[in-house]
Number of protein chains: 2
Amino acid sequence: MPEPSGRRERKKAATRQKIADTALRLFLERGYDAVGIRDVAAEADVAVTTLFSHFASKEALVFEQDEDFEQRLTQAVTGRAPHEPLIPALHREIQALVRHCTADGAAPIWRLIDGSPALREYEESMRLRHAESLATAIAADLDLSQTTTACRAVARFAIDAYSLAREAADPEAAADEIFRMIEAAWEAACPSRRARGTVPPGRAGAGRAVTSR
Amino acid sequence: MPEPSGRRERKKAATRQKIADTALRLFLERGYDAVGIRDVAAEADVAVTTLFSHFASKEALVFEQDEDFEQRLTQAVTGRAPHEPLIPALHREIQALVRHCTADGAAPIWRLIDGSPALREYEESMRLRHAESLATAIAADLDLSQTTTACRAVARFAIDAYSLAREAADPEAAADEIFRMIEAAWEAACPSRRARGTVPPGRAGAGRAVTSR
DNA sequence: ACCGTAACACTAACGGTTAGTTTTTAAGAA
DNA sequence: TTCTTAAAAACTAACCGTTAGTGTTACGGT
């Protein structure tokens, strides 16, 4: 089996990068809808088929940068300090991601995205996949001490927090507010676990059995 | 100006219905991807452009039935019994909707949807629009006693509950479980309101000020 | 030096969608 | 009735994202 070694991979990466850069530049210059795939391919000096061998769709060209989002989320769960409670760790990571995408430099790209229904739809769908990965990571981390349903729910809630915060007037405050809600929701789903983190110890374990699944 | 009176509207509605019926039949017979727009138009004996004057996209043909989803949600909020708390009302309606779409008769359509990425994506995007409407209804109902962020968050959570419950092995139990979480989240966001409904009176109003916005 | 194959190019098409234009048909006015 | 207006539907012809099919090149392993 060919062990990867050098030139080929570099050339491939260079082509991919050139396509992504060209695409983003053209989109920002003329608007997403006003630029066709054929325009991008021509300007990047590659064939249309080559473009599609690097990117699955036109929308994927825009979300090149945003690639590690999914991994950062799951890492925040699986790679957190031992005994650190789940929700605050998630909260911290989402805050960082929100800050990252509301930074001044990223503004034009997000204006681009918000301006195109196709891009928004693509993003939503991508986030849902992220939520599924996150749910899996959470379920694995908790090691069967929690329902799959509850894990999938918090995962979705966390993604919701990200996307609502991104749109809010004060993104950081919005994320804080939503995560206060998520913390409460998680405790309600967790009758068998100690309460800890940003919320006072309150009533944990209301004695209701988990019925689903 | 000509006041609309009868035949025209009936014929138009009939055309629309014929298109929708034909489309659904063909999709169920041959599969969504195997049926082209031109096939549907031909079988319904209309021009392609006519089809698109009735439906915005191919996917919209499938979600014809599901039309009143949005209105049922907002109605559940705005039209609930006086003094009935928000979350239980929402819970009840979502339960009804989940039951409706997991009923035996509806199974083939949902198999169709789950089988096509395009349809799933379309549905997600549609649900997000529903969540926005719901958030608006909730905000209006609460009359400024709650943050927009909190309203948008519960609205999303409710939609999440619907779509997670729909996929769960035991849909009703899953919806119950997630709504227990939502109830807790809502109380955490509601320092100024009495606790009531499906959850024991517990600690309401932890004395934390709402900071966002 | 040779072969296998990954990367890319080229042509042509498919399928959803839309613009432009024209024909039909219902609703009201003369 | 007949005429007028306008909505509904038809037809043509394309646009655009995407893919299949078919080479061609050049890198990497032997």
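Please read all numbers here as calculations on a predicted model, not as lab measurements. Worth knowing before you read on, the calculation uses all heavy atoms, side chains too, and leaves out hydrogens, waters and symmetry mates. A note on names: the letters A, B, ... follow the listed sequences, proteins ahead of strands, and every chain is numbered from 1.
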Side-chain-base donor-acceptor pair under 3.5 Å for A:Arg7 and D:dG28: no
Whole-Å distance separating the CD1 atom of B:Ile37 from the P atom of D:dT18: 17 Å
DNA chain D-proximal residues of residues 19-28 of chain B, any heavy atom under 4.0 Å: none
Test log, rule salt bridge (charged side-chain N to carboxylate O under 4.0 Å, His left out), inputs B:Glu93 and B:Arg72: CA-CA 8 Å; B:Glu93 190 62 36; B:Arg72 286 189 61 174; 2.8 Å; yes
Touch class at under 4.0 angstrom, heavy-atom based, for A:Val40 against every strand present: nothing
Enumerate all atom pairs, one protein N or O and one N or O from nucleotides 8-11 of chain D, separated by less than 3.5 Å.
unit_1 : atom_1 : unit_2  : atom_2 : d
D:dA8  : OP1    : B:Lys12 : NZ     : 3.3
D:dA9  : OP1    : B:Thr15 : OG1    : 2.9
D:dA9  : OP2    : B:His54 : NE2    : 2.8
D:dA10 : OP2    : B:Ala47 : N      : 2.8
D:dA10 : OP2    : B:Thr50 : OG1    : 2.5
D:dC11 : N4     : B:Thr49 : OG1    : 2.9

Heavy-atom check, side chain of B:Ser133 versus side chain of B:Gln71, under 4.5 Å: no
Check: B:Asp160 and A:Arg152 side chains under 4.5 Å, non-hydrogen atoms: no
Rounded distance (nearest 0.5 Å) linking atom CG of B:Leu119 with atom CE of B:Met126: 10.0 Å
Close residues, residues 122-130 of chain A, relative to DNA chain D [heavy-atom separation under 4.0 Å]: none
Ring-face cation of A:Arg16 near A:Phe55 (centre distance under 6.0 Å, axis angle within 45°): yes
Spacing between A:Glu59 atom CD and D:dC16 atom C1', to the nearest angstrom: 12 Å
Check: B:Leu90 and B:Leu134 side chains under 4.5 Å, non-hydrogen atoms: yes
A:Arg25 side-chain N/O to A:Thr22 backbone N/O, donor-acceptor pair under 3.5 Å: no
Separation of atom NZ in A:Lys58 from atom C1' in C:dG15, rounded to whole Å: 17 Å
Atom-to-atom span, CG of A:Leu119 to P of D:dG17 - whole angstrom: 12 Å
Heavy-atom check, side chain of B:Ser163 versus side chain of B:Glu123, under 4.5 Å: no
Value in whole Å for how far the C1' atom of C:dA13 lies from CZ of A:Phe52: 14 Å
Any B:Pro171 side-chain heavy atom under 4.5 Å of B:Arg99 side chain: no
Length of the CD-P vector between A:Glu9 and D:dG28, whole Å: 9 Å
Nearest-angstrom distance from the residue atom CZ of A:Arg38 to C1' of C:dT11: 12 Å
Side-chain heavy-atom pair B:Ile94, B:Leu73 within 4.5 angstrom cut-off: yes
Between D:dC15 (C1') and A:Asp39 (CG): distance, integer Å: 12 Å
